[in-house]
> 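Pasting in a structure now, in C-alpha cells, and then I'll have a few things to ask.
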Amino acid sequence: MEKQATLLVDAYNASHENQVSLTITPNDDYVAKVGAAAGSSSLPDLFAADIVYVPNWTSQGLFTDITDRIDGLPYADELAQGHIDAGTYEDQEYVLPFVLDLSVMFYNKDLYREAGLDPEKPPTTLKEYGEHAKAISALGKDGVSGTYFGGNCGGCTLFTWFPSVWAGGDQVLSADGTESLLASDTAKDVYAVYKDMVDSGAIGNGTKDETGATWTGPFQEGKVGVMPYPATLLSTAAETVDVGVAPIPGPDGGESTFVGGDGIGISKDSKNEAAAWNFLSWLTSEDAQVEVLAKNNDVVSRADLADNKYAAVDPRLVTINEVAAKGSTPVAINFQQAFNAPDSPWLTLVRGAVFGDAKSIDADNDEITAVLDQ
C-alpha cells in the first residue's frame, strides 16, 4: 500500500494547512510495532491496519470511537461495507477504508498468444485456470512458468484462494468468526486445482518457499502466465506486461474477490483528534477517491464513485470495480494467529493440501477453529 498511501498524503498536504507525516513500516514488522506503541501509549494520531487485523485491535481499544463522525458523512452508506463491518466493535465504528485491495486474476496476454490461448478469454473456472497455466508451462520457455503463488505465505493464499470458495457458493468462516469452514467440498476442490498444477510442474521455481516478500515479482517480470493478484498493482504490472484482468472464479464457475486492503482510524493516544478527522474525512471525498486513487488505476472505496471518468476508459478497471460488489471481507478477532502468522494452522493446511498428500485437511481445519475460538 506504500504507493497509494504516499499519493494520498502528498495530495492532502499540498492542499491543506493541516499536514500529515507518513511513516511506512514493512508488513511483517507492523503487528509488533503497533503492539509496542500501544503498550507505551505512543501510537500516532492515525494508524492504518490490514483490514483483517482491525477486529483484534478494536476489541483491545486501540482506536477512538468515530461512530458519530462516520454517520455524519452524507455518503456513509456508500462506503465499503466490509471495512466498516470489520472496524465495528460492540456497535461502535472505529475505522474508515484507507486503500482497498481486491484479489483478481491477472494474465499475460503475450504468453496466452504464444500458448495458443485466446488473450481475450481468461479462465472462467478455477479448473480452466489450471489448464491455462499448464498450457503456458508447456511452452518450455526458459524461466517462464504457468503460474506462481505464495506457497509459504498464509496471507497471500487466503487473499487469493478464499474468493474461489465464495465463488463456489460456500463460506470460509462462521458468521461469528469462531469456526473455520475450510474443509468443505468446495474448499477441497480449490486445493485440488492448485495441487494438480504443482504435480504437473506448472508452477514457477520458488513457489513452495515463497513467504510473500516477492510473490508478485515474477508476473511483473513477464515470467508467469496467469495467477491471482492484488488489483492495486495493476498500474505497476502494466508497465512491463500486457495485462489482462478477470474475476477469480470458483472450481466450476462463479466469481468473487477478497475485499482487503487497509482500514485507518484515530488512535487512542491521539492529541489531535479534530485534525486527524479532517484527514480521514478528506480520504473519503471525491477529490481523494477519484482524483488520487482512481486516477492511479486504484479501486475507490465508495460505491457511488465506482463508475468514474478514469475507470470508464479502461475495461480492466471496470472489471475490478464490478467484482468488488461480489466480494467479502472475513472478520475474526483471532484472524492473525489463525491465518497470517508464519506458523498458522491455515498455512499448515495449505502446504499439506498442495505440496503434501492432502490427507490432513480436516484435522488442519479443526486446528484453525481451535485458534479462532480461543
Side-chain angles (χ1 to χ4, degrees), residues 2-3 27-28 101 103-161 163-164 190-249 251 297 316 319 347 350-358:
E2 180 175 358
K3 182 178 181 181
N27 191 57
D28 290 347
D101 196 10
S103 49
V104 291
M105 195 72 76
F106 274 21
Y107 63 101
N108 185 317
K109 290 188 174 183
D110 289 334
L111 290 175
Y112 262 56
R113 294 183 186 97
E114 291 184 45
L117 300 169
D118 189 333
E120 303 307 321
K121 291 185 178 179
T124 57
T125 71
L126 201 67
K127 293 174 183 176
E128 192 173 28
Y129 156 49
E131 294 305 313
H132 288 189
K134 287 188 283 187
I136 292 165
S137 177
L139 290 172
K141 295 187 67 172
D142 187 36
V144 171
S145 64
T147 195
Y148 192 82
F149 58 90
N152 200 23
C153 172
C156 309
T157 46
L158 68 90
F159 182 62
T160 54
W161 295 15
S164 291
V190 172
Y191 311 143
V193 171
Y194 282 92
K195 179 171 176 54
D196 178 60
M197 289 190 288
V198 169
D199 293 345
S200 301
I203 63 171
N205 291 333
T207 298
K208 184 176 181 180
D209 299 319
E210 176 59 68
T211 62
T214 58
W215 77 284
T216 60
F219 185 89
Q220 292 182 24
E221 296 167 3
K223 296 179 179 179
V224 175
V226 55
M227 63 181 284
Y229 213 80
T232 48
L233 292 181
L234 174 59
S235 59
T236 303
E239 293 175 359
T240 54
V241 176
D242 185 4
V243 182
V245 176
I248 295 177
N297 291 343
R316 297 173 301 188
T319 297
L347 191 53
V350 165
R351 292 179 66 77
V354 174
F355 301 111
D357 59 16

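Keep in mind that this is a model prediction, so the values were computed, not measured.
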> Give a yes or no on whether the backbone of Gly244 and the side-chain of Arg316 come within a donor-acceptor separation of less than 3.5 Å.
no
> Can you see which heavy atom on Ser103 is nearest to which on Pro163, and at what distance?
OG-CG, 3.4 Å
> What orientation do Tyr112 and His132 show, parallel under 30°, tilted 30 to 60°, or perpendicular over 60°?
perpendicular
> I need the Phe219 CZ to Thr240 OG1 distance, nearest 0.5 Å.
8.0 Å
> Is any side-chain heavy atom of Lys208 closer than 4.5 Å to a side-chain heavy atom of Arg351?
yes
> Considering non-hydrogen atoms only, spot the tightest contact between Ser164 and Ile248 and give its length.
OG-CG2, 3.4 Å
> Side-chain contact, heavy-atom cut-off 4.5 Å: Thr124 with Pro249?
no
> Please report the shortest heavy-atom distance between Phe106 and Leu234, naming the atom on each side.
CZ-CA, 3.7 Å
> Backbone N or O of Asp357 within a donor-acceptor pair of the Lys195 side chain at under 3.5 Å?
no
> Return the orientation label for the Trp161 and Tyr191 ring planes: parallel under 30°, perpendicular over 60°, tilted otherwise.
tilted
> Quick check: closest heavy atoms across Ala358 and Ala353, and the distance to 0.1 Å?
CB-O, 3.7 Å
> Say whether Tyr129 and Thr147, considering side chains only, have a donor N or O and an acceptor N or O under 3.5 Å apart.
yes
> Rounded to the nearest 0.5 Å, what separation is found between the CG atom of Leu117 and the CG atom of Leu111?
10.0 Å
> Identify the heavy atoms of Met197 and Ala133 that sit nearest to each other, and give their distance.
SD-CB, 3.7 Å
> Treating Tyr229 as the side-chain partner and Tyr107 as the backbone partner, does any N or O pair qualify as donor plus acceptor under 3.5 Å?
no
> Pair Asp196, Lys127 - check salt bridge (Lys or Arg N to Asp or Glu O under 4.0 Å), show working.
CA-CA 10 Å; Asp196 178 60; Lys127 293 174 183 176; over 6 Å; no
> I need the Asn108 CG to Arg113 CZ distance, nearest 0.5 Å.
9.0 Å
> Should we count NZ of Lys3 as having more than 12 external heavy atoms under 6.0 Å?
yes
> With a 6.0 Å cut-off (strictly less than), is the heavy-atom count around CG of Asn205, excluding the residue itself, greater than 12?
no
> Quick one: does any side-chain atom of Thr157 pair with a main-chain N or O of Cys153 as donor and acceptor, under 3.5 Å?
yes
> Could you give the distance from CZ (Phe149) to OG1 (Thr216), rounded to the nearest 0.5 Å?
15.5 Å
> Asp101 side chain to Thr232 main-chain N or O, any donor-acceptor pair under 3.5 Å?
yes
> Mind checking the CE-CH2 spacing from Met227 to Trp215? Nearest 0.5 Å is all I need.
5.0 Å
> Does any part of the side chain of Thr319, heavy atoms only, come nearer than 4.5 Å to the side chain of Val104, both counted from C-beta?
no
> Locate the shortest heavy-atom distance separating Cys156 from Gly212; write the atom from each residue and the value.
SG-CA, 3.6 Å
> Would you say Pro123 and Glu131 make side-chain contact, with heavy atoms under 4.5 Å?
no
> Where the side chain of Glu210 meets the backbone of Gly206, is there a donor-acceptor pair that is under 3.5 Å apart?
no
> To the nearest 0.5 Å, what is the distance between CZ on Phe355 and CD1 on Ile203?
5.0 Å
> Taking everything shown except Glu221 itself, do over 12 heavy atoms lie less than 6.0 Å from its CD?
yes
